[in-house]
Amino acid sequence: MSDLHTVNKSPFEKNSLETCLKLSLAGSSILLLEDAVYGAVSGTTVSDLVSGALADKKVYVLGPDFKARGLDEGRVINGVELVDYAGFVDLAEANDKVQAWV
Amino acid sequence: MSETKNFMFLNRRAPYGTIYAWESLEVVLISAAFEQNVSLLFADDGVFQLVKGSDPSGIGMKNFTPTYRTLGDYEVRHMYVDKASLEARGLTTDDLIQVEWEDWETEESVDNIVEVVDSAKAAELLAASDTVFSF
């Protein structure tokens with residue numbers, strides 16, 4: 001039993017991602033989309049927060065939003081998985097519910 | 001004829017997730033018509049607006065990054081970028097677009113008006129502005 005948590009705001013702008021990680025159970029799936037994709041970039045002040053979450057959760061990032069912002073796929077944090085819109089649907093289907101963090 | 005003022009456009013939000021970045025750019029373009037001294041300062045997530053290689057075709061939005069490159073034609077002489085904001089986001093000047101500027105009358109030209117500044121300098125630039133538009 002697990003939920004899909006979606007986060008759409010930049011972790012540099014709001015604490016939504018941080019709180020989401022705190023308030024989600026082990027085994028949860030986290031999807032970063034829209035401006036939250038910046039949280040999937042390695043070498044930033046929030047990278048450790050995200051890679052730390054990988055210990056007991058799965059973290060995904062929406063590819064089209066990552067690409068839209070000029071970010072190269074090579075910059076994705078090790079262990080964070082890129083998905084497309086079809087993958088987003090699959091994740092929603094595979095989990096019990098979708099919880100949005102705005 | 002009123003005196004020329006220093007306009008500063010302060011951009012702090014990432015592009016595409018919200019409309020702020022695009023709206024700010026539109027106001028910059030319009031302000032060129034008023035012949036004032038226009039400068040832009042990118043801080044916090046605003047630095048992401050200048051990252052090169054953007055391609056929003058997958059999210060169904062228009063790519064407006066090329067528009068920043070034309071600002072040299074719109075009376076913009078300075079585009080300042082906050083260094084601390086770049087570093088916190090794992091970015092360097094190599095990740096940013098370059099914007100050319102040329103004075104049509106004197107033919108003085110600058111290869112790149114995008115300039116990285118430290119926080120102290122950014123604060124001075126804001127203080128020296130007559131009007132700051134915050135986005």
Side-chain angles (χ1 to χ4, degrees), chain A residues 6-18 20 31-52 59-89 100-102, chain B residues 10-25 41-69 79 81-99 114 119 122 134-135:
Chain A
T6 64
V7 185
N8 75 329
K9 289 297 177 191
S10 163
F12 302 100
E13 181 197 348
K14 288 181 88 168
N15 67 350
S16 305
L17 174 56
E18 191 184 352
C20 165
L31 173 63
L32 305 174
L33 69 154
E34 292 173 23
D35 287 343
V37 300
Y38 291 117
V41 176
S42 59
T44 76
T45 53
V46 306
S47 303
D48 285 347
L49 173 72
V50 176
S51 54
V59 182
Y60 303 89
V61 60
L62 193 61
D65 272 322
F66 203 75
K67 195 172 174 210
R69 291 157 175 75
L71 303 169
D72 183 77
E73 290 185 10
R75 302 184 88 133
V76 174
I77 293 168
N78 227 340
V80 171
E81 199 182 321
L82 276 156
V83 295
D84 55 13
Y85 283 105
F88 188 167
V89 173
W101 295 82
V102 300
Chain B
L10 173 59
N11 299 300
R12 295 179 48 246
R13 286 178 168 83
Y16 302 111
T18 63
I19 203 75
Y20 283 93
W22 171 233
E23 290 278 336
S24 171
L25 196 48
L41 171 61
F42 298 86
D44 293 331
D45 281 352
V47 303
F48 286 128
Q49 292 177 32
L50 299 180
V51 170
K52 56 191 183 195
S54 63
D55 176 11
S57 56
I59 60 172
M61 293 185 74
K62 182 189 164 199
N63 189 2
F64 60 87
T65 304
T67 310
Y68 291 103
R69 286 205 192 85
M79 292 172 66
V81 178
D82 175 59
K83 185 164 183 272
S85 301
L86 273 182
E87 289 171 352
R89 290 157 180 75
L91 299 173
T92 65
T93 45
D94 288 340
D95 294 307
L96 307 181
I97 58 171
Q98 297 200 314
V99 179
V114 175
S119 304
S134 221
F135 288 91

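We name chains A, B, ... by the order of the sequence lines, and we start the count at 1 in each one.
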- At their closest point, which heavy atom of Lys9(A) faces which heavy atom of Thr18(B), and how far apart are they?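 Heavy atoms only, the tightest pair is NZ-CG2, 3.3 Å.
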- Item | Ser10(A) versus Asp45(B), closest heavy-atom pair with distance |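 Where Ser10(A) meets Asp45(B) most closely, the heavy atoms are OG-OD2, 2.5 Å.
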- Got a second to check how far Lys67(A)'s NZ is from Ile59(B)'s CD1, nearest 0.5 Å? 11.5 Å
- Count the heavy atoms belonging to other residues, nucleotides or ligands that lie under 6.0 Å from OH of Tyr20(B), then report whether that count exceeds 12. no
- Message: Does Arg89(B), at its CZ atom, have more than 12 non-hydrogen atoms belonging to other residues, nucleotides or ligands within less than 6.0 Å?
- Response: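 It does: Arg89(B) CZ has more than 12 such atoms within range.
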- For Asn63(B), side-chain contact (heavy atoms from CB on, under 4.5 Å) partners two or more places apart: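 With sequence neighbours excluded, Asn63(B) shows a side-chain contact (heavy atoms from CB on, under 4.5 Å) to Tyr16(B), Ser54(B), Pro56(B), Thr65(B), Pro66(B), given in chain and number order.
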- Query: How are the rings of Tyr38(A) and Phe48(B) set relative to one another: parallel (under 30°), tilted (30 to 60°) or perpendicular (over 60°)?
  - Reply: parallel
Under 3.5 Å, which donor-acceptor pairs link side chains of residues 70-78 of chain A to any protein atom two or more places apart or in another chain?
residue, atom, partner, partner atom, Å
Asp72(A), OD2, Gly74(A), N, 2.9
Arg75(A), NH1, Asp95(B), OD1, 2.9
Arg75(A), NH2, Gly90(B), O, 2.9

- Whatever's closer than 4.5 Å to a heavy atom in chain A on Arg12(B) counts as neither
